[in-house]
Engineer: 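Mind having a look at this structure? Questions to follow.
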Amino acid sequence: MFDLSTLNPPQREAVSHTEGPLLVLAGAGSGKTRVITCRIGHLLDKGVPAENILAVTFTNKAAGEMKERVRELVGRQRCKGMVISTFHSLGVKILRRDIERLGFKKNFSIYTTSDQLGLIRQALREANIDGKKHDAESMLWKISGWKNRLLRPEQVVPRYQDEDELLACGLYPRYQSALKACNAIDFDDIIMLTVALLQEQPEVLDHWQERFRYIMVDEYQDTNSSQYLFISLLARKYRNLCVVGDDDQSIYGWRGADVGNILDFEKEYPGCRVVKLEQNYRSTGMILEAANQVIRNNRTRKEKRLWTDAGDGRPIDLVVALDDEEEATAVVERLEMERYRHNLSYGDFAILYRTNSQSRAFEEQLRFESIPYVLIGGMQFYERKEVKDALCYLKVIDNPLDEQALLRVVNFPRRGIGDGTMVKLNQWSLANDCPLLEAFGRVAEIDGITEPTREKVLAFHRLISGAAAEFRQRGELAGRVKALFDRLGIEDELYRTIEEPAIARRKVENVEQIINSMASFEERIPGATLSGFLEKVSLMDEDRFSGKDKKEHGRDAVTLMSLHASKGLEFPYVFLVGLEEELLPHRKSLDEGVSLDEERRLCYVGITRARQHLTISRCVHRKKYGKLQEREPSRFLAEIPERLLQLHDGTAKKTVSAEEQEKLAGDFFARMRAMLE
DNA sequence: GTAGTGCAACTTTTT
DNA sequence: GTTGCACTAC
């Protein structure tokens, strides 16, 4: 049985109010996740079946964290059937069951940004529009914005003075039909189509309403209008909806998130219970004070003040470094020093930054010092060319209509099907309204292709359809994929085309890594399918916490991630780096002048991740596009009262003689000793 | 059809 | 400093 007495009064109220709508306004570190996990425990104790419980988060990381905490609380057995996932994973789950009602096949692909760009560029070419002036990315951005507001192509009313918008409006229907032809949907469609399905198909809606009778949404301040409607639909029948959020932590305005959703919750659900959590259990007094002082500069917000009865703690360390490399060196040094001093493990530390590109300097430094680290987000692995190419074979096999994947794979490894042939195949497939891959099989009907090329085209077609047939048979995946890759000669091709053997070796290892992660996927999920694996990859859901506990799973390592990714998490020791104008706040927000408050909230999120100690750093110079630039300290830095800060000016190192510097640089421990004094 | 060279643009943030 | 692309020469 679950013990409510360990909670404070408002937390207890939130946990025990299980029937009817509930709004929890929870400041940073006020035990928000705890409330949700305890609420789940309480629901189970009350006899609610696990499969009636749904908890939705924004990031995979947050979902994984929550799964783990629920599991710790109630045990794995009682979690069976419960759904804790991101909006997108939930959407895909719903779509996999019934998407045929919307005219897609069940084995639809999920298109990521690069696939989307490919389609847009193709549409631009087909419409004979010069791709330079109107770049595909801004088109995509506009279309994505419309989708987030649930506007279908025919519903869009463009602003007529905006040339780009007019063009994007013309492109939108073409883009949608191209997706459909590929039996593919993009990230925005996941939500948009799910909403359409729930709205248009009463039986489908009813099925999921019955399934999820108790719904919880974390970080509700970050929902955009499509996500908002998605949840509203699911909750409409039983109205057991609990949303948790904090307007000060709204950091997805750029993706169409609307803080209004949380502020208007009371209007939407009259008579709903509202609970405020203002006591902070996470951070020390000094950290909390700094956070309060920064966030109070935002004008439009619900006034609240977090408090703690924990002690003041240590002041915040402010490190000023000469450049980005020195920043990384200084941060890693201080990290090691804190670790020795307080007998901590690497897992107690996180390095947080505004842009993913900042991670690099820190990675290099950590690797140099042989300190284990995990990099969250950035998607580096699956973005690599060789990984993508190999994966695209699997995609084509899984969904033969997936043209973007087909295009990538046609001539890798080289098989003599070049641009000329592809143009002919493509034209023929358009003219005859037949899928591109089918055109390969019917190459005999197409004019203007020479006999040897025809043979190659047919061979490719046989290869793909043969593999597709093979993989339609259920059964073990990893071994068959390995055999397929061998047959394709992917490794040989890599060794042949890349001069540097070390690089080739690395790439081959990356391809092998796909097979490894597939094997462990199969191990975890009985009856795993190729679609299931590709889905996880597309949703970037690495399923970190499925089965094994933290100790077994992750080694003890420093966490590196963006501020956005860090939301909802906490660490004993936090390094918040790059506190400079044009970085945090980011240049983009300064230019556009609208979202400065959001940048400040981002800074607030960063500060409030820290439990025991916070270190902030900035540089005087920073390399940008390979050029050294001067940097101003962030305005947010000036908002933190000086009494909370302890300055460590690394630029003073300049005065140390070159010889001495050399000596110190050579001896890491000497530097550490110097610092400890 | 392929391979090599040069240029441009790029860096918010997530699914 | 990198990566993707467009163009040109085999």
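The chains referred to below are lettered A, B, ... by the order of the sequence lines, with proteins before strands, and numbering in each begins at 1.
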Engineer: Nearest whole Å is fine: how far is B:dT13 P from A:W254 CH2?
Structural biologist: 8 Å

Engineer: Just jot down the side chain to side chain donor-acceptor pair (under 3.5 Å) partners of A:D402, sequence neighbours excluded, or say none.
Structural biologist: A:S109, A:Y111

Engineer: Please determine, for the side chain of A:Y252, which listed nucleotide (B:dT15, B:dT14, B:dT11) has the closest atom?
Structural biologist: B:dT14

Engineer: Under 4.0 angstrom, heavy atoms only, what part of the nucleic acid is A:T86 near: base, sugar-phosphate, or nothing?
Structural biologist: sugar-phosphate

Engineer: Starting from C1' on C:dG4, measure out to CZ on A:R121 and report it in whole angstrom.
Structural biologist: 9 Å

Engineer: Consider the side chain of A:S562, meaning its heavy atoms from C-beta on, and name the nucleotide among C:dC5, B:dT14, B:dT15 that approaches it most closely.
Structural biologist: B:dT14

Engineer: Which of parallel (below 30°), tilted (30 to 60°) and perpendicular (above 60°) describes A:F440 and A:F460?
Structural biologist: tilted

Engineer: Output the rounded distance in Å from CG (A:L352) to P (B:dT14).
Structural biologist: 12 Å

Engineer: Closest-nucleotide mapping onto DNA chain B: is A:T113 or A:S357 further toward the 5' terminus? I mean the 5' end.
Structural biologist: A:S357

Engineer: Between atom CG of A:D258 and atom CG of A:N224, what is the distance when rounded to the nearest 0.5 Å?
Structural biologist: 9.0 Å

Engineer: Under 4.0 Å, counting only non-hydrogen atoms across every strand here, what does A:R601 touch: a base, just sugar-phosphate, or nothing?
Structural biologist: nothing

Engineer: With respect to the side chain of A:N356, which nucleotide from B:dT15, B:dT14, C:dC5 is positioned closest?
Structural biologist: B:dT14

Engineer: Test of understanding: with side chain to side chain contact (heavy atoms under 4.5 Å, CB included), list the residues that count as partners of A:Q176, not counting sequence neighbours.
Structural biologist: A:K147, A:P153, A:Y172, A:L179, A:D189, A:M192

Engineer: Whole Å only: how far is the CD1 atom of A:I110 from the C1' atom of B:dT15?
Structural biologist: 10 Å

Engineer: Return the value, rounded to whole Å, for the distance between atom NE2 of A:H564 and atom C1' of B:dT13.
Structural biologist: 4 Å

Engineer: Classify A:F58 by what it touches in the nucleic acid, base, sugar-phosphate, or nothing, heavy-atom distance under 4.0 Å.
Structural biologist: sugar-phosphate

Engineer: Heavy atoms from C-beta onward define the side chain here; which of B:dT13, B:dT15, C:dC5 lies closest to that of A:T59?
Structural biologist: B:dT15

Engineer: Take atom CG of A:D186 and atom C1' of B:dT15, then tell me their distance rounded to the nearest Å.
Structural biologist: 11 Å

Engineer: In whole Å, I'd like the distance from the CG atom of A:D188 to the C1' atom of B:dT14.
Structural biologist: 11 Å

Engineer: So, does A:R360 get its side chain near the phosphate of C:dT2, meaning an N or O under 4.0 Å from OP1 or OP2?
Structural biologist: yes

Engineer: Write down the distance between CZ (A:R255) and P (B:dT13), rounded to a whole number of angstrom.
Structural biologist: 13 Å

Engineer: Counting only N and O atoms by type, is there a donor-acceptor contact under 3.5 Å from the side chain of A:R96 to the main-chain atoms of A:K106?
Structural biologist: yes

